[in-house]
Amino acid sequence: MNNEANAKLEEEAIIAMLMMRARALGEKNAEDALSYEAEDSVEFSLAPPLVSNGKDGASLQAWFDTWEGPIGSEVRDAKLTVGEDVAFWSGLTRMTGTKTDGAEVDLWFRQTLGLVKRGGRWLVAHQHASVPFSMDGSTRALVDLQP
């Protein structure tokens with residue numbers, strides 16, 4: 001198989017994995033969602049703390065429990081760069097749904113994923129999610145922006 005064909009297969013494998021992971025997150029299945037992460041993963045999420053290391057099923061399930069029903073998602077402007085055993089994905093992600101307190105969520109945020117290929121499987125090793133903040137001195141998070 002030539003390099004171009006192999007690169008296409010790797011890209012397809014990554015996209016399939018990311019779709020299965022997104023489904024698990026939307027369905028609030030912590031065990032399944034974490035099966036797509038490396039044991040030594042690093043996460044910079046929207047919620048505190050500043051950094052999380054490794055898989056944390058209890059924290060993920062606790063967050064899932066704050067949602068009523070499934071968590072919706074949409075992706076725009078996705079870009080995937082694939083190397084032999086390292087890949088990077090970035091894009092704009094929309095999270096929608098209803099919290100258990102009745103609050104409606106409709107949030108666009110920036111997301112970057114670093115992936116590694118281990119044991120023949122692509123896994124998420126690094127996650128970074130963020131929203132811009134106001135540069136007017138208020139440092140207010142700008143959670144109402146849309147692409």
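As a basis for the values below, the full set of heavy atoms in this structure was taken, side chains included, without hydrogen atoms, waters or symmetry mates. Owing to the predicted nature of the structure, the values given are computational and were not obtained by experimental measurement.
- When side chains are defined from C-beta on, Val42 counts as touching Val51, because their heavy atoms get closer than 4.5 Å.
- Applying the ring pair (Phe, Tyr, Trp, His ring centres under 6.0 Å) test to residues at least two apart or on different chains, none of the pairs has a partner in residues 8-27.
- In this structure, the separation between OH on Tyr36 and CG on Leu25 is 10.0 Å, given to the nearest 0.5 Å.
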Anything under 3.5 Å between a donor and an acceptor, one on a side chain of residues 66-75, the other on a protein residue two or more places apart or in another chain? List them.
{"residue": "Thr66", "atom": "OG1", "partner": "Trp63", "partner atom": "O", "Å": "2.6"}
{"residue": "Thr66", "atom": "OG1", "partner": "Lys99", "partner atom": "NZ", "Å": "2.7"}
{"residue": "Glu74", "atom": "OE1", "partner": "Arg94", "partner atom": "NH1", "Å": "3.2"}
{"residue": "Glu74", "atom": "OE2", "partner": "Arg76", "partner atom": "NE", "Å": "3.2"}
{"residue": "Glu74", "atom": "OE2", "partner": "Arg76", "partner atom": "NH2", "Å": "3.3"}

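- For the residue pair Gln111/Trp89, the side-chain donor-acceptor check at 3.5 Å is not satisfied.
- No side-chain donor-acceptor contact under 3.5 Å links Lys55 to the backbone of Glu39.
- Residues Val105 and Thr98 are not in side-chain contact: their nearest non-hydrogen atoms beyond the backbone lie 4.5 Å or more apart.
- With values rounded to the nearest 0.5 angstrom, Asn29 atom CG is found 9.0 Å from Leu34 atom CG.
- Side-chain contact between Asn6 and Glu84: absent, with no pair of heavy atoms (C-beta onward) separated by less than 4.5 Å.
- Crowding of Met19 atom CE: a count of heavy atoms from other residues, nucleotides or ligands under 6.0 Å not exceeding 12.
- Inter-residue side-chain proximity for Thr100 and Asp65 is flagged as unmet; no heavy-atom pair is nearer than 4.5 Å.
- If you take CG on Asp32 and CZ on Arg21, they are separated by 11.0 Å, rounding to the nearest 0.5 Å.
- For the residue pair Glu31 / Gln61, no side-chain donor-acceptor distance below 3.5 Å is found, with atom types taken as modelled.
- At least one side-chain heavy atom of Leu107 sits less than 4.5 Å from a side-chain heavy atom of Leu46.
- Residues Val124 and Met17 have side chains in contact (heavy-atom distance under 4.5 Å, counting atoms from C-beta outward).
- Leu142 CG to Met135 CE: the interatomic distance, rounded to the nearest 0.5 Å, is 10.0 Å.
- Residues satisfying the ring pair (Phe, Tyr, Trp, His ring centres under 6.0 Å) test with Phe44, not counting sequence neighbours, are His126, His128.
- Phe133 places none of its side-chain heavy atoms less than 4.5 Å from the side chain of Arg140.
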